[in-house]
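All values derive from a computational prediction rather than experimental measurement.
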Amino acid sequence: MTAKAAPFTILAAYAVLLGATAALAPPLASVALMLPACAILLWLMPERELVSPRLLAAAFTVMTAAQICIPAYYTAQVPGLPWISLRRIALLALIALALLRLATAARARRQLLSTLAAAPLLLALSLGFDLMAALSILASPDPVVSAQQFADLAFAWRLPFFACVLVVTDEAEAAALVRLIAALSLPVAALGVADFLAARNFALDIIPHGLLAAMADANPGVRVLMEFNPWRNGLFRAVSIYNTPLSFGEFAAICAPLGGFLALHGESGRDRALGLATILAAMAALFVSGSRGGAVGFLISMPLLALLAAIRLARARPNGLAGPIAAAGALAVGGAALSAVFASRRLFNIVFGGDDSIGSTAARSEQMDMAWPHIFDSPVFGHGLGLGGIVVDWRPSPDAPGSIDSYLVSLLVETGFPGAGCYFGALALAACACLTIYLRDRDPRAALAGPLGCALLAYEFYRLALSQRENQTLVYLLMALAFVVIAQAKRRKAREQARALDAPRRPTVYAREMVSSPPI
């Protein structure tokens, strides 16, 4: 075989292999084999910016709206293919456009790499979780299931993260995304309130009964949702568009600090009104969902945000009384809220749980005890992504599937200590970096950092007691915003340092010019 004939022989063999796979194997195998060819084509694309930033931003907006407002179980199944939904279609369109822009625009590649490189440790932790999730497949008792879970992680979480970093280039665009999320949270919360008042699940009930029965037969998640008992402490627990009220409460706890950003630092009265509405909607969602972890996350993140905002105000106006007054007000309001929770038996049961919640708390403790032997059996690579419930095999009833309530326990079982450490470490580091920027950077554009850090803290706290993954795409978008905020803060600091180094030289040059000039 000559050197010139080798590429054609390789391409012919690749085509034969692809054709045989399409004829004999499931459709997903053919798609997987086409990925290398797609990557080569993208690599060979000319530099012409085939996708404009405006088109990519529009696709990103559609994807975000679909992820937040459309139930995940609104799907159809084609044999051999993944579940097809409006969420996946919108996400697929965004990814296709983002890849084309990256392949044909060097400017976009430089911007993406520059933003990610601004936080190297955070990037290492974030991608370290992906690496450990991939390596867990090798130790999995069911590699096919773990590989499917990893594909879902890469497609539905990580790729939107990269698309967000590509679309959102500065704090102004990040604030625009926060406005979009806040606005979309209002109908989600309104649907939950309607569910609570009518004691029914409207998002599920509008599906025709015949179609719903077929969906339940094909999708175990829909069957679990139909059989879920929505009552606790005599109150109906709304789910809105989610599979469980706990995920609905988690969504509210995440959105509340974002509403706080608009209420505290909005550029207009419309922004402040939207922020206040978002906070009130989040509080209503927490009440109608009966989410204990969401309520505790709210009580941690919102008083913290108010206190940090007061400190930021005091540093911006060191000679005024606005900062101390705001700090005293934040402490007073936070203390009053906590006092009301502990003084009222009804509020205490809503936030921390009553007699109906004893079994849930005991179940989490029992799951932890059952998980430790499995964790130490494979502490580095775990037992495979997505298999924590099967490995631990804790069941609320004999005929129920195995499950784990805490995402920390799930990751320890599935990805080992390195995977869990990278995931929770990335969240903690991003939150701390954002809060530090909020306190130290007096530039108005840095005002998003504090609420963003509080939202990540509320989510991370709830992860200790909740393992559902319905809000993961939203959280990965917030992590992308954290990279943008950190990168912009570092660039501002570098510019300020450069100006400070140049400042002493300018008067000297000016003085020399004045001396050398003839008198008037």
- [ ] Working to the nearest 0.5 Å, report the span between CZ of R158 and CG of L127.
- [x] 5.0 Å
TODO: Give a yes or no on whether the backbone of G266 and the side-chain of R272 come within a donor-acceptor separation of less than 3.5 Å.
DONE: yes
Task: Closest non-hydrogen atom pair between A284 and V193, with its separation - done: CB-CG2, 4.1 Å
- [ ] Name the orientation class of the two ring planes belonging to F196 and F287 (parallel below 30°, tilted from 30 to 60°, perpendicular beyond 60°).
- [x] perpendicular
TODO: Search all heavy atoms of L305 against all heavy atoms of G450 and return the closest pair with its distance.
DONE: CD1-C, 4.1 Å
TODO: Give the minimum heavy-atom separation between A263 and I279, together with the two atoms involved.
DONE: CB-CD1, 4.3 Å
TODO: Scan side-chain atoms only and decide if T415 and S136 contain a donor-acceptor pair under the 3.5 Å cut-off.
DONE: no
TODO: Dump the intermediate steps for salt bridge (charged side-chain N to carboxylate O under 4.0 Å, His left out) on D271 and R179, then the final yes or no.
DONE: CA-CA 8 Å; D271 276 351; R179 290 189 194 95; 3.0 Å; yes
Task: Working for side-chain contact (heavy atoms from CB on, under 4.5 Å), residues K490 and I486 - done: CA-CA 6 Å; K490 286 190 173 183; I486 294 171; 4.2 Å; yes
Open item on the list: If we count only N and O atoms by modelled type, under 3.5 Å, do the side chains of N471 and E250 hold a donor and an acceptor together?
Closed with: yes
Task: Reported OH-to-CG distance for the pair Y74 and L86, which is rounded to 0.5 angstrom - done: 10.5 Å
Task: CG on L191 to CG on L186, rounded to 0.5 Å - done: 12.5 Å
TODO: Would you mind reporting whether F461 and L457 have side-chain heavy atoms less than 4.5 Å apart?
DONE: no
- [ ] Apply side-chain contact (heavy atoms from CB on, under 4.5 Å) to Q472 and Y407, showing your working.
- [x] CA-CA 12 Å; Q472 291 286 59; Y407 198 52; 3.3 Å; yes
TODO: State the CG-CD distance between D170 and Q488, to the nearest 0.5 angstrom.
DONE: 5.5 Å
Task: Side-chain donor or acceptor of Q367 paired with backbone N/O of G389 under 3.5 Å - done: no
Open item on the list: Apply side-chain contact (heavy atoms from CB on, under 4.5 Å) to residues C434 and L481 and explain how you reach the verdict.
Closed with: CA-CA 10 Å; C434 288; L481 294 187; over 6 Å; no
Task: Spatial distance of atom OG1 (T278) from atom CG (L274) [nearest 0.5 Å] - done: 4.0 Å
Task: Heavy-atom side-chain contact between D405 and L466 under 4.5 Å - done: no
Task: 4.5 Å side-chain heavy-atom contact, L159 and L91 - done: no
Open item on the list: Below 30° counts as parallel, above 60° as perpendicular, anything between as tilted: where do the rings of W372 and F376 land?
Closed with: parallel
TODO: Check whether any side-chain heavy atom of L448 sits under 4.5 Å from a side-chain heavy atom of V178, and report yes or no.
DONE: yes
Open item on the list: If you count heavy atoms of other groups shown closer than 6.0 angstrom to CE of M283, is the number above 12?
Closed with: no
Task: Minimal non-hydrogen separation, G294 against L286, with atom names - done: C-CD2, 3.5 Å
Task: Heavy-atom side-chain contact between E470 and T244 under 4.5 Å - done: yes
Task: From OH (Y423) to OG (S126), nearest 0.5 Å - done: 9.5 Å
Task: Aromatic Y438 / basic R312 pairing, under 6.0 angstrom, 45° off normal - done: yes
Open item on the list: Test your reading of the model: is there a side-chain donor-acceptor pair from E414 to the backbone of G386, 3.5 Å cut-off?
Closed with: yes
- [ ] Using only heavy-atom distances, determine whether the side chains of T169 and E173 contain a donor-acceptor pair under 3.5 Å.
- [x] yes
Open item on the list: Quick test of your reading of the model: are R491 and E496 salt-bridged, counting only N-O distances below 4.0 Å?
Closed with: no
- [ ] Would you check if there is a donor-acceptor pair between the side chains of R87 and T473 at a distance under 3.5 Å?
- [x] no
TODO: Could you walk me through whether I95 and F162 pass the side-chain contact (heavy atoms from CB on, under 4.5 Å) test, one step at a time?
DONE: CA-CA 9 Å; I95 292 172; F162 286 123; over 6 Å; no
Task: Side-chain heavy-atom pair L177, C164 within 4.5 angstrom cut-off - done: yes
Task: Check: D441 side chain, A489 main-chain N or O, donor-acceptor pair, under 3.5 Å - done: no
TODO: Can you label the angle between the F248 ring and the Y242 ring as parallel, tilted or perpendicular, going by 30° and 60°?
DONE: parallel
- [ ] Return the minimal non-hydrogen interatomic distance between H265 and A447, and the atom names on each side.
- [x] CG-CB, 3.5 Å
TODO: Start with the C-alpha distance between S406 and S467, add both sets of side-chain angles, then the distance that settles side-chain hydrogen bond (donor to acceptor under 3.5 Å, both in side chains), and finish with yes or no.
DONE: CA-CA 5 Å; S406 168; S467 193; over 6 Å; no
Task: Side-chain H-bond candidate by donor/acceptor type, R237 with S291, under 3.5 Å - done: no
Open item on the list: If you define the side chain from C-beta out and look only at heavy atoms, does anything of W157 sit under 4.5 Å from V475?
Closed with: no
Open item on the list: Please give me the minimum heavy-atom distance between A430 and A482, naming the atom from each residue.
Closed with: CB-CB, 4.2 Å
Open item on the list: Does any part of the side chain of C69, heavy atoms only, come nearer than 4.5 Å to the side chain of I241, both counted from C-beta?
Closed with: no
